[in-house]
Amino acid sequence: MTIDQASVIVDAASASWESWPPDQLARRGDVQWKTLISAGLTPSGALTAGVARLTAGGCLRAHHHEQAEIYVILKGSGTVTIDGTATDVAAGTTVFIPGSAIHSIEAAGGGGLRFAYVLAADAFEDVTYVFDPPA
C-alpha cells in the first residue's frame, strides 16, 4: 500500500470517544478511546495513534495483537501487565509492548487513567484485538 504522506496535526478535542459495543464490555473492558492518526482518517501510514481513558478501577482486559504498541501514561496511575508481569505506572511512564504480547491495563486510585497509544499499523482497522480466553 502506498500512501501519499504529509504532515498531520489533529486536535484531540475534535475527535469523538469510542468504546466496545455494550455486549463486549464485560469481556474486553470499559476503556474509551479516540483514534487520532490512522490511514482512512488522516493521510498517514506506518503508525496509528490516539488517546484512551479508563475510569477509576476500569480496565482494558488481557488481549494481544500482532502489532507492537507504546503506551504513554498522561494522567493518573494504574497497572500494566505484559505476559504475566505486572508493573505500576503513573503519569510520565512510557511502556513498550512487543507484538503478540498478552497485555492489559487497569486504572488505580480515584481519578482514572488517561494514556496515549501508538500502534505499528497503517490504520486502527488493521489491528485485530484477540481476547483470550473467551468469557
Between OG1 on residue Thr79 and CG on residue Asp88, distance to nearest 0.5 Å: 4.5 Å

Atom pairs and distances, side-chain donor-acceptor, residues 54-61, under 3.5 Å, sequence neighbours left out:
from	atom 1	to	atom 2	distance (Å)
Arg61	NE	Ala26	O	2.7

Nearest heavy-atom pair of Ala120 and Leu47: which atoms, and what distance? CA-CD2, 4.1 Å

Which residues pass the side-chain contact (heavy atoms from CB on, under 4.5 Å) test with Pro22, not counting sequence neighbours? none

Where does the angle between the aromatic ring planes of Tyr117 and Phe124 fall among parallel (under 30°), tilted (30 to 60°) and perpendicular (over 60°)? tilted

On a heavy-atom basis, the closest approach of Leu36 and Val10 is O-CG2, 3.3 Å

Distance col, row Ile82:CD1 vs Ile105:CD1, nearest 0.5 angstrom, shows 9.5 Å

Verdict with reasoning, Gln24 to Phe131, per side chain to side chain contact (heavy atoms under 4.5 Å, CB included): CA-CA 10 Å; Gln24 295 179 15; Phe131 291 83; over 6 Å; no

Just grab all the side-chain hydrogen bond (donor to acceptor under 3.5 Å, both in side chains) pairs involving residues 69-78, residues at least two apart or on different chains. His65-Glu69, Glu69-His103

Closest approach of Ala123 and Ser38, non-hydrogen atoms and distance? CA-OG, 3.2 Å

Kindly compute the distance separating OG (Ser14) from NZ (Lys34), expressed to the nearest 0.5 Å. 7.5 Å

Does a side-chain heavy-atom distance below 4.5 Å link Thr48 with Val127? no

Scanning both residues in full, the closest heavy-atom pair of Val118 with Ala49 reads CG2-CB, 4.1 Å

Rounded distance [0.5 Å steps], CH2 in Trp20 versus OH in Tyr129: 5.5 Å

Donor-acceptor contact below 3.5 Å, side chain Gln67 vs main chain Asp126: yes

Note: Ile37 and Ser44 closest approach over all heavy atoms is CG2-OG, 3.5 Å

For residues Val8 and Pro43, determine if any side-chain heavy atom of one lies less than 4.5 Å from a side-chain heavy atom of the other. yes

Mind listing the side-chain donor-acceptor pairs of residues 107-115 below 3.5 Å, one per line with the distance, residues two or more places apart or on another chain?
none

Those residues at least two apart in sequence (or on a different chain) that pass side-chain contact (heavy atoms from CB on, under 4.5 Å) with Glu66 are none

Could you pull out all donor-acceptor pairs under 3.5 Å where a side-chain atom in residues 92-101 meets a protein atom, sequence neighbours excluded?
from	atom 1	to	atom 2	distance (Å)
Thr93	OG1	Ala90	N	3.2
Thr93	OG1	Ala90	O	2.8

Do you reckon Val72 sits in the same ILVMFWY cluster as Val31, going by side-chain contacts under 4.5 Å, direct or chained? no

